[in-house]
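Counting starts at 1 for both ligands and their atoms, in listed order.
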Amino acid sequence: MSLSRLSIDAFRNIDSAQLAPGAGLNLIYGHNGSGKTSILEAIYFLGMGRSFRSHLSQRVIQNDADALTLFALAAGQNGESRIGLRRHRNGDTEVKIDGDKVKRLSQLAEALPIQVITPESFSLLFEGPGARRQFIDWGAFHASKQFHLAWMNTRRILKQRNQLLRDGSSYEHIAFWDRELIRYALEVTDIRNQYVHSLNAVLKGIIGEFLPDADVRVSFTRGWDSKTELSDLLQTQYPRDLAMGHTVSGPHKADLRLRVGNLPAQDALSRGQLKLLVCALRIAQGKLLKQQIDKHSIYLVDDLPSELDAKHRQLLLKELIDTGAQLFVTAIEPAAIVDSLPVPPDRMFHVQAGRVTETK
Ligand SMILES: Nc1ncnc2c1ncn2[C@@H]1O[C@H](COP(=O)(O)OP(=O)(O)OP(=O)(O)O)[C@@H](O)[C@H]1O
Ligand SMILES: [Mg+2]
């Protein structure tokens, strides 16, 4: 996928902007507070129906406006599609793809696979397992048509199960639901496991470039003891689950383990190296998606120069360009990126107080 047109209305400090991005690297530059991250956020919002910066989607609607509107022409292997999204202050959201109303946001995500690399990407490693699970599930979602439904069903039944546990239900009553839960949970686990396995193959080459001296190992943990059948676990853990009022182990606790030698990655690598590891993971996901379903991701790269030296900045930009994906890269000074690029940027956009001008 790549965007050939993008229009943004009433989004953060951007009143109205029309961009004609190139299929390669698009450099967005401007002073602090000019609206660079907001442009990336608008693209992300169009692909995901939410922000990567704020959990409160209303905050992205421009102050004093009733609704934000985003529109893009997206070119992919099946031709061009028109994607539009309007979000009202009361929370109502309308999404259209080629004029047809879209009910589920997952259809948007399927149409526009987006990868974000920001200074906050660190959270992938440092925060709880939630962000790492989201990382696996991004890949599992795009790689397998079965994943989304199986995961939605797993979550739905887990929620019911937890309610039954809080109500003090007997094991016999819960076991009825467990049979269905096990079926979906094993499907989810199988897809995740296969995905991380495939990802590892692609990741090795990139890590070899970025962190040649580090023995990085990435592995999948499914959320419960690897020697125990899920059916046995749910049965033997029932008293504990009942006491806790929720299901303690299961596919909702799956994780991605990142280790260097025998240490957790965050204890073995510097901040800059961790950033490179996160970038390697995201680049590997994009490359794998291309291999698996012949679809390009769109990369949103915010504030790339921070904490990377010139050599690694060059290496990272080269790897990103080599994916063949469309890139949106922000910088305060364009030279910080241009000087690290093997070829000139495709397009450049200057942002000043929410106004966007194409300068190349
Ligand atoms: N809902 C909103 N309505 C209007 N303006 C907003 C809204 N939300 C944020 N802003 C403003 O938008 C401006 C642009 O923010 P943004 O984060 O996009 O800037 P930036 O160019 O990425 O800056 P930096 O270089 O510091 O990262 C900020 O000044 C912010 O105060
Ligand atoms: Mg910014």
Peer 1: Between His350 and Tyr29, does the ring centre distance come in under 6.0 Å?
Peer 2: yes
Peer 1: For Phe220, which of Val196, Asn200, Leu199, Asp255 qualifies under side-chain contact (heavy atoms from CB on, under 4.5 Å)?
Peer 2: Val196
Peer 1: Any side-chain donor paired with an acceptor under 3.5 Å for Thr247 and Arg161?
Peer 2: yes
Peer 1: Hey, do the aromatic rings of Phe147 and Phe141 have their centres closer than 6.0 Å?
Peer 2: no
Peer 1: Output the set of protein residues with a heavy-atom contact under 4.0 Å to ligand 1, ordered first by chain identifier and then by residue number.
Peer 2: Arg12, Asn13, His31, Asn32, Gly33, Ser34, Gly35, Lys36, Thr37, Ser38, Arg53, Arg59, Ile61, Gln62, Asn63
Peer 1: For Arg53, check salt bridge (Lys or Arg N to Asp or Glu O under 4.0 Å) against everything at least two apart and list the hits.
Peer 2: Glu41
Peer 1: Quick one: do the His142 and Gln292 side chains pair a donor with an acceptor below 3.5 Å?
Peer 2: no
Peer 1: Partners of Tyr299 by ring-ring contact (aromatic ring centres under 6.0 Å, His included), sequence neighbours excluded?
Peer 2: none
Peer 1: Give a yes or no on whether the backbone of Gln194 and the side-chain of Ser198 come within a donor-acceptor separation of less than 3.5 Å.
Peer 2: yes
Peer 1: Can you check the number of protein N/O/S atoms within less than 2.8 Å of the Mg ion (ligand 2)?
Peer 2: 1
Peer 1: Side-chain donor-acceptor pair under 3.5 Å between Ser231 and Glu229, yes or no?
Peer 2: no
